[in-house]
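Just so we're clear, the structure is a prediction, and the values are computed from it rather than from any experiment.
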Amino acid sequence: MNEQIPVIRDVDGGTAKLMPDIDRERAWLLTVDGAPQSYVDLDAPTHMEFEYTRRLAHVVDCAADEGVPLDLLHLGGGALTLPRYAAVTRPGSRQDVVEADRGLLALVAERLPLPAGSGIEVHGADARAWVEAAPEDSADVLIADVFGGSRVPAHLTSVEYAQAAERVLRPGGVYAANLADGAPFAFLRSQLATFAAVFQEIALIAEPSVLRGRRFGNTLLLASGKPIDTAALARRTASDAFPARVEHGPPLTRLIGTAAPVADADAVPSPEPPDGAFSIG
């Protein structure tokens, strides 16, 4: 029987709460100011409770042949759900996790420690500054899951930032960003335009209800210097409990429409989610 009790801690970004899952012995939900950040099962690190993290896991799965170690750079840490997943599914991978909230890092290290030999290094730093200082051609996959509160910070949305990310990725490497938006998708369209200005290939993973404008939700923007294996991704996302579509080519061109790339001087955060869009309890 799970007798764990919730843990509440003031961190840099607000009030963090770790809540035990009564159905899974060593599983925890992490929220900050009521917004869900991560879910992790220490006994089953491949269990993905959130749909968007499962889709990010699909991206990692499709980035190379099964089990091949990769160099991954994670911007945004939370409870380290995806790094833990990659450490198990791609043993021997080298992973750097960059999280600006040092209080959150301390909480996770204390209550949800990484196993020895995980190959995961955690750094308390700003995501943009880390990317700009990182070595060229040093990552196979760069995952951006950074939110200040419930919004993607403006400095992680510009052409200059996209260029820095492209420099860090190896040829054929994949950039994947968790974004949140709703119709009429002004932010999402601008992000697609921005990354299309820097990368040869882009794709988008989203649930049909979000793409049709029925609700505010998460989308995954993918970018690469070489063709993205959208067919393999589509097979995986279509079989999920909450199926998602993989869009690329002309449908994305139509979605972008007249949206223009965003420069640092004009960059803005992602929109504030509607009340109740992501909150828990």
Side-chain angles (χ1 to χ4, degrees), residues 51-52 55-56 58-59 62 75 127-128 131 142-167 169 173-234 236-238 240 242-275 277-278:
E51 292 301 324
Y52 87 87
R55 292 167 194 148
L56 283 171
H58 293 329
V59 174
C62 293
L75 306 181
R128 171 85 176 255
V131 169
L142 195 168
I143 295 163
D145 187 13
V146 183
F147 284 79
S150 297
R151 307 176 73 182
V152 178
H155 71 307
L156 301 181
T157 68
S158 67
V159 167
E160 291 90 339
Y161 162 70
Q163 290 169 336
E166 192 275 337
R167 182 189 62 81
L169 283 167
V174 177
Y175 174 88
N178 178 30
L179 306 175
D181 201 4
F185 302 116
F187 176 75
L188 177 60
R189 291 169 60 234
S190 75
Q191 287 304 283
L192 291 168
T194 296
F195 280 80
V198 175
F199 290 86
Q200 292 181 1
E201 303 284 338
I202 61 169
L204 182 71
I205 304 176
E207 288 182 35
S209 61
V210 174
L211 286 175
R212 292 178 186 137
R214 294 178 181 170
R215 66 178 182 86
F216 190 99
N218 294 99
T219 63
L220 297 187
L221 183 157
L222 308 182
S224 181
K226 294 185 178 180
I228 298 166
D229 192 350
T230 53
L233 284 168
R236 291 172 182 264
T237 60
D240 285 339
F242 293 91
R245 287 164 49 187
V246 180
E247 299 283 8
H248 63 103
L252 278 193
T253 302
R254 289 193 295 271
L255 178 59
I256 293 170
T258 59
V262 177
D264 273 337
D266 304 314
V268 296
S270 64
E272 190 75 41
D275 289 343
F278 297 124

Between CG on residue D229 and NE2 on residue H58, distance to nearest 0.5 Å
13.0 Å
Does Q163 use its side chain to pair, donor to acceptor, with the backbone of V198 at less than 3.5 Å?
no
In short, P269 meets A154 closest at the heavy-atom pair N-CB, 3.6 Å
Testing the basics here: between P271 and F187, what is the closest heavy-atom pair and its distance to 0.1 Å?
CD-CB, 3.7 Å
I need the minimum non-hydrogen distance between P243 and A238, along with the two atoms involved.
CB-O, 3.7 Å
Tell me whether T157 contacts the main-chain N or O of A267 through its side chain, where contact means a donor paired with an acceptor under 3.5 Å.
no
Heavy-atom count check: over 12 atoms from other residues, nucleotides or ligands less than 6.0 Å from Q200 CD?
no
Taking side chain as C-beta onward, heavy atoms only, is V246 less than 4.5 Å from I228?
no
Can you confirm whether L233 sits close enough to L222 that some side-chain heavy atom of one is under 4.5 Å from a side-chain heavy atom of the other?
yes
Audit row: E272, R151, side chain to side chain contact (heavy atoms under 4.5 Å, CB included) steps and yes/no
CA-CA 6 Å; E272 190 75 41; R151 307 176 73 182; 3.2 Å; yes
Tell me if a side-chain donor or acceptor on R245 pairs with a main-chain N or O of A206 at a distance below 3.5 Å.
no
Drop me the distance from T219's OG1 to D181's CG, to the nearest 0.5 angstrom.
7.0 Å
Relative to each other, are the rings of Y161 and Y175 parallel, tilted or perpendicular (30° and 60° limits)?
perpendicular
Considering the options L221, I202, V262, which one meets the side chain to side chain contact (heavy atoms under 4.5 Å, CB included) requirement together with T194?
V262
Measure the spacing between CG of N218 and CD of E51 and express it to the nearest 0.5 Å.
10.0 Å
How close do H248 and T230 get, counting heavy atoms only, and between which atoms?
NE2-OG1, 3.3 Å
Minimum heavy-atom separation for C62 and A232, please, with both atom names.
SG-CB, 3.9 Å
Please report the shortest heavy-atom distance between F199 and A162, naming the atom on each side.
CE1-O, 3.8 Å
Within this structure, what is the CG-CG distance for the pair L179 and L220, rounded to the nearest 0.5 Å?
8.0 Å
Do E207 and R55 meet the salt-bridge criterion of a basic N to acidic O distance under 4.0 Å?
yes
Step-by-step side chain to side chain contact (heavy atoms under 4.5 Å, CB included) determination, R189 to T258:
CA-CA 9 Å; R189 291 169 60 234; T258 59; 3.8 Å; yes
Here the gap from L192 atom CG to I256 atom CD1, rounded to the nearest 0.5 Å, amounts to 5.0 Å
To the nearest 0.5 Å, tell me how far N178 CG sits from I143 CD1.
10.5 Å
Do R236 side-chain atoms and V59 backbone N/O form a donor-acceptor pair below 3.5 Å?
no
Do L211 and E247 have side-chain heavy atoms sitting under 4.5 Å apart?
yes
Does the side chain of V210 come within less than 4.5 Å of R215's, by heavy atoms?
yes
